Amino acid sequence: MDRRHFNRLAGGALASAASTPLATTTAASAVIGLGAAALPARAQGAAGKPLVMGMTLEPPGLDPTAGAASAIGEIVLYNVLEPLTKVAEDGSAQPLLALRWSASADQRAWTFTLRPGVRFHNGEAFDARAVKFSFERAAAAGSLNKDRRVFENIAAIATPDPLTVVLTLKNPEPLLPELLGQSTAVIVEPRSAAGNAQNPIGTGPYRVAQWQRGASLSVIAWPGYRDAARIRIPRVQFRFIGEPAAQVAALLAGDVDVFPRVAAARALAQFKAQPKRFQVLTASSRAKTILAINNARPPLNDARVRRAIAMAIDRKAVVQASADGFGVPIGSYVTPDTPGYVDCTAINAYDPAAAKALLAQAKVAGLSLSLKLPPVPYARQGGELIAAQLGAIGIQVRIEHIEWAQWLSGVYGNKAYDLTLISHVEPHDFGNFARADYYWGYRSEAFNALYARMQASADPARRLQLFGEAQRLVAQDAVAAFLYQPQWITVARAGLQGLWARTPLFANDLAALNWS
């Protein structure tokens, strides 16, 4: 998940740029160029250019409440669109649009005090009405919000005054402030919400200025931001570069100033050898890289077959092939730095002989499966090895390279797949195992009952105990082959400050960045 910046444009030229819708025309480019000319070179980095940030994937749209792609949040979260809270580097919730909050003893009633004087980019006031609209929209029938369950847990929303919101929950949720700091919980302006996929209207320090599909997206600092003087970098361009070699080349050539989560593990020596030019950060994450299995398709609906698949995979070898060694093996859908983590790596440990025995027990022979690989480097690099390891136990794997849009629509949306290699980067998404409509197709009354007991408990110790049981259950059921926790690499120019050393979620907090 994290930083980039913009500042205000000068005079009327900047005001007009800030009020311009998402630009795709030559005229819009001219407006952005005029703004850049008016800005001091010191604030923009080398030669007065905008800060250029690399991204592996281009987002399909810019509304994180209506799309599952993490690339959406990488651009808009905390920059263009803001939630009530902000997830800090350590994973804790900090004030953002909410100044403070409190919970009842049973954690079912939460009161949020909102920040006064905040406005949306279109001039509309941010208030309790906007919060109520945003949360009800997220929970509505037909909502495409991937965290819809968070908002469906809200039984009632009270707005006693414009700066107070009281949420009454169906089940206690001690992590509510952290959940409301994610991209799926951004507060939208009611009149403009329907257009956020192309022209997001938020309360953040930046506005989208230009989107050149397939190449880049630029944002500029919004002069109407409540703390505009704090923004040190006035313009940021996100440049989409998918190939690892091209990512490295762009950094070495100086075409990109910073590349969070770059696929540069094999080239790190080049960057570390030039400390006056580059800084290299290796960050832990709450991401989980898994071999997702379509539990709804026979014979993958048999836990013995899924366990055989998991046992056929040497996690340490996959970490090396997929992430060049930058990862920690996991045995369930939880990372070691998560509160309540239980080590489940022994449940389906690497054992090809046991895997073959399970297939024989399930009377499965000559199994042929498709493995759909999205265009991210870790999937393409790790997929070949996984196919070979499954082949060693008699499972023939047909690799299909697909584009990100195809993954989102075909795999995630229509569940048209057998296997897929993917990283889930959200820190609080364990509840997806209780979603019958989720793309894994996992349906377990035992898990649902266990998860319901955990959610209904307000006792922290009891919740952690049940959470541990739930981790073991999804491992024993082999809902997926749980592979590793990625360690993300960021390479940046030596003078760029404010970069995250840890990655609790995919975000780039541009307002925290500055040049030394």
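Everything numeric in this text was worked out from a predicted model, so none of it was measured.
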Keeping the roles fixed (side chain from Arg226, backbone from Pro116), state whether a donor-acceptor pair exists under 3.5 Å.
-> no
Spacing of Gln182 atom CD and Glu426 atom CD [to the nearest 0.5 Å] = 7.0 Å
Closest heavy-atom contact between Phe120 and Ile187?
-> CE2-O, 3.6 Å
Smallest separation among heavy atoms of Gln381 and Pro244, with atom names = OE1-CG, 4.1 Å
Is any side-chain heavy atom of Pro205 closer than 4.5 Å to a side-chain heavy atom of Asp227?
-> no
Taking the side chain as every heavy atom from C-beta outward, state whether Arg380 and Pro375 have any pair of such atoms under 4.5 Å apart.
-> yes
Mark yes or no for whether Asn196, through its side chain, and Ile201, through its backbone, hold a donor-acceptor pair below 3.5 Å.
-> yes
Basic-acidic side-chain contact under 4.0 Å: Arg115, Glu82 | no
For the side chain of Gln212 and the backbone of Ala215, is there at least one donor-acceptor N/O pair under 3.5 Å apart?
-> no
Among Ile290, Val328, Thr289, find the one that has a side chain to side chain contact (heavy atoms under 4.5 Å, CB included) with Tyr484.
-> Thr289
Please report the shortest heavy-atom distance between Pro64 and Thr184, naming the atom on each side.
-> O-CG2, 3.7 Å
Roughly how far apart are Ile386 CD1 and Ile313 CD1, rounded to 0.5 Å?
-> 5.0 Å
Rounded distance (nearest 0.5 Å) linking atom CG of Asp324 with atom CD1 of Ile489 | 7.5 Å
Over all heavy atoms of both residues, which pair between Tyr78 and Thr85 is shortest? Give the atoms and the distance, please.
-> CE2-O, 4.0 Å
Please check if the side chain of Asp147 supplies one atom and the backbone of Ala185 the other of a donor-acceptor pair under 3.5 Å.
-> no
Side-chain contact test, heavy atoms from C-beta onward, threshold under 4.5 Å: evaluate it for Thr420 versus Pro374 and give yes or no.
-> yes
Steps toward side-chain contact (heavy atoms from CB on, under 4.5 Å) verdict (Thr503, Thr490) | CA-CA 10 Å; Thr503 308; Thr490 295; over 6 Å; no
Atom CZ in Phe238, atom CD in Glu58: separation rounded to 0.5 Å?
-> 12.5 Å
Thr113 side, atom OG1; Leu97 side, atom CG - distance, nearest 0.5 Å | 13.0 Å
Would the Trp404 and Phe240 ring centres measure less than 6.0 Å apart?
-> no
Of Asp337, Val334, Val319, which meets side chain to side chain contact (heavy atoms under 4.5 Å, CB included) against Gln485?
-> Asp337
Would you indicate whether the side-chain heavy atoms of Val411 and Ile402 approach each other to under 4.5 Å?
-> yes
Kindly indicate whether the side chain of Ile241, heavy atoms from C-beta on, has any atom under 4.5 Å from the side chain of Asp255.
-> no
Kindly indicate, with the supporting measurements, whether the criterion salt bridge (charged side-chain N to carboxylate O under 4.0 Å, His left out) is fulfilled by Asp509 and Lys86.
-> CA-CA 10 Å; Asp509 186 5; Lys86 185 175 187 176; 2.6 Å; yes
Ring pair (Phe, Tyr, Trp, His ring centres under 6.0 Å) partner of His424, the single match among Phe430, Tyr412, Tyr439 | Tyr439
Donor-acceptor under 3.5 Å (Gln279 side chain, Val491 main chain) = no
Looking only at heavy atoms, the pair that brings Ile75 and Met55 closest together is CG1-SD, 3.6 Å
Side-chain H-bond candidate by donor/acceptor type, Thr345 with Arg315, under 3.5 Å | no
Are the side chain of Gln274 and the backbone N or O of Gln270 linked by a donor-acceptor pair below 3.5 Å?
-> yes
Of Lys146, Lys288, Arg286, the residue whose pairing with Asp429 passes side-chain hydrogen bond (donor to acceptor under 3.5 Å, both in side chains) = Lys288
Using a 4.5 Å cut-off on heavy atoms from C-beta on, say whether the side chain of Tyr378 contacts that of Ile422.
-> yes
Side chains of Gln487 and Thr282: is there a donor and an acceptor less than 3.5 Å apart?
-> no
Please report the C-alpha distance between Leu84 and Leu114 in whole Å, then the side-chain angles of each, then the deciding distance to 0.1 Å, and finally whether the side-chain contact (heavy atoms from CB on, under 4.5 Å) criterion is met.
-> CA-CA 8 Å; Leu84 294 184; Leu114 308 183; 3.9 Å; yes
Does some side-chain heavy atom of Phe271 sit less than 4.5 Å from a side-chain heavy atom of Leu252?
-> yes
For Leu499 and Ala492, which heavy atoms make the closest approach, and how far apart are they?
-> CD1-CB, 3.6 Å
Gln471 side chain to Val342 backbone, donor-acceptor under 3.5 Å | yes
If you measure from CD on Glu173 to CD on Glu178, what distance do you get to the nearest 0.5 Å?
-> 9.0 Å
Is there a donor-acceptor contact under 3.5 Å linking the side chains of Arg148 and Asn145?
-> no
Is the backbone of Gly495 close enough, under 3.5 Å, to the side chain of Ser516 for a donor and an acceptor to pair up by distance?
-> yes
Is Ser143 reaching over with its side chain to a backbone N or O of Ala139, donor-acceptor style, under 3.5 angstrom?
-> no
Glu136 atom CD: more than 12 heavy-atom contacts under 6.0 Å = yes
Would you please classify the geometry between the Trp110 ring and the Phe112 ring as parallel, tilted or perpendicular, with 30° and 60° separating the classes?
-> parallel
Within-4.5 Å side-chain heavy-atom neighbours: Val76 and Ser183 = no
Verdict with supporting geometry, Trp440 and Ile293, side-chain contact (heavy atoms from CB on, under 4.5 Å) = CA-CA 6 Å; Trp440 299 325; Ile293 302 172; over 6 Å; no
Under 3.5 Å, side chain of Gln247 to main-chain N/O of Ala264, donor-acceptor pair present?
-> no
Step by step, would you call Val80 with His121 a side-chain contact (heavy atoms from CB on, under 4.5 Å)?
-> CA-CA 9 Å; Val80 179; His121 297 151; 3.9 Å; yes
